[in-house]
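Structure first, then comments.
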Number of protein chains: 2
Amino acid sequence: MAEKVDHEERRRQIAEALLRIADTEGLQSASMRAVATEAGVSLRLVQYYFTTKQGLLLDALARLGAQLQARMERWIGEARAPREVVTAVLSCILPTDAESRRITRTYAAYYALVLSDPEVLEKQAAQPPVVLEGFLVKQLRAAQEAGGIAPERDVEMAAAGLLAMVNGLGSSVLGGQRTGEQALAVLSHHLDELFRP
Amino acid sequence: MAEKVDHEERRRQIAEALLRIADTEGLQSASMRAVATEAGVSLRLVQYYFTTKQGLLLDALARLGAQLQARMERWIGEARAPREVVTAVLSCILPTDAESRRITRTYAAYYALVLSDPEVLEKQAAQPPVVLEGFLVKQLRAAQEAGGIAPERDVEMAAAGLLAMVNGLGSSVLGGQRTGEQALAVLSHHLDELFRP
DNA sequence: ATTCGCATGGTACAGATGTATCACATGCAT
DNA sequence: ATGCATGTGATACATCTGTACCATGCGAAT
């Protein structure tokens, strides 16, 4: 019963079970046993591949981050002009389709955990936003130099504001106060406001 | 040992103990026993005044909402002109001073809970944002008619964007990517952008 | 053929958690 | 004075949770 098995594949299988539970029922329902059942393996195996629960949580969070990044790169795709890149990056974060709704909800499930356990998780999870904001600034600056954005605009402020806005819009969609389409409309409106003379 | 006691006062004492724990350690650390200890009462009393844990959680959440509303009214204070009202409302939500940091953190602690338990909590917690957004729209429209905002601006879009932005800025402050002052600067910048000819 | 390490199953254990139950004291109405 | 409702304490109980431990099957190297 002990064929050489692909460790990475097993870890992926288990971690994604965790993410599925976090998405649908929240992290508080993600016990080791629940994860094992969801992944279709025994509790022992979850312990075997991720010694501790924190290990599992961290690994799954890293995978979630990778999924979001993959989605962003896919959405950027053939986008070439800065405005298209910015639009792609921002709108792909909004919970509009099934995948982004899943990712957003799962991140939300992690949110409280990250806040209450600053030491360990902060380093792992706090980087993406910062990096992304820098990327946005670069794109906006390029658009500005190309004349797509008024020269007197402060692109760093704009980038920070847009990113925060998308984040907040996502929360409102998850909270049921807005549909994904409405959130997207709000974003588009502000992008129109930014990209002009 | 059974003097007629002020029920509301006891409930307040216990509910605030829960909020204090939610703020500092997160809701996952807020067990009935922990709340009892924090409030300086016995476990039995927590059960007595709030029969069930869900009752306690809901009551505390309502109190948190009341605290935020009280803070907003206090911040609006003598503000008279629409722009001042809007600035007050939005900036008082940002985690800049101790009180708003506490409120924001505590709301964040509830966030995951609300998302994973939509039925019961949604009605109680989802109203403030909607009401607030309507209020903002009215203020912005008034400013627009007074000439403080360009007539071609879509104030509903602007209100939605600003509220989402403040929400997102708050998250970034809590996540340690920005200080409260920096978040306030981003907000001010966008208000300057909105309030013109 | 024996040995060793990897993969897996089963289960135990200690602690925490929400809730229920029993007990008892005190104040107020009768 | 008696009785009933109120406020409070102590504790029990069933369940869940993370982790540890023991056993065993199998492939590969010796």
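Just so we're on the same page: letters track the sequence lines, and every chain starts at 1. Every value quoted in this text rests on a predicted model; they were computed, and no experiment measured them.
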Starting at atom [atom1] of [X], determine the distance to atom [atom2] of [N], rounded to an integer number of angstrom.
X       : N      : atom1 : atom2 : value
A:Lys53 : D:dT19 : NZ    : P     : 8 Å
A:Arg11 : C:dC6  : CZ    : C1'   : 16 Å
B:Arg44 : D:dG7  : CZ    : P     : 11 Å
A:Arg33 : D:dT15 : CZ    : C1'   : 11 Å
B:Gln28 : C:dT17 : CD    : P     : 11 Å
B:Glu25 : C:dA16 : CD    : P     : 14 Å
A:Leu43 : D:dT19 : CG    : C1'   : 9 Å
A:Gln47 : C:dG9  : CD    : P     : 12 Å

* Asked: Base, sugar-phosphate, or nothing: which does A:Tyr49 touch, judged by heavy atoms less than 4.0 Å apart?
  ->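 Result for A:Tyr49 = sugar-phosphate.
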
Out of [options], which has the shortest distance to the side chain of [X]?
X       : options               : value
B:Ser31 : C:dT19, C:dT17, C:dT8 : C:dT17
A:Met32 : D:dG18, C:dT17, C:dG9 : D:dG18
A:Tyr48 : C:dT19, D:dT19, C:dT8 : C:dT8

* Asked: CZ/B:Arg71 to CZ/B:Arg102 distance, rounded to the nearest 0.5 angstrom?
  ->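 Output value for this atom pair is 9.5 Å.
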
* **Electrostatic pair A:Asp59-A:Arg12, nearest N-O below 4.0 angstrom** =>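 No, no charged N to carboxylate O under 4.0 Å.
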
* Is it true that A:Asp192 and A:Arg83 have a side-chain N and a carboxylate O under 4.0 angstrom from each other? ->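 So A:Asp192 pairs with A:Arg83 through a salt bridge.
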
* Asked: Is a side-chain donor or acceptor of B:Arg105 paired with a backbone partner of B:Thr24 at a separation under 3.5 angstrom?
  ->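 Pair absent, no side-chain N/O of B:Arg105 close to backbone of B:Thr24.
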
* A:Ser172 (side chain) donor-acceptor with A:Gln177 (main chain) under 3.5 angstrom ->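 Looks like no, no N/O pair under 3.5 Å.
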
If the cut-off is 4.0 Å, is [X] near the phosphate of [N], judged by side-chain N/O to OP1 or OP2?
X       : N      : answer
B:His7  : D:dG7  : yes
A:Thr52 : D:dT19 : yes
B:Ser42 : D:dA10 : no

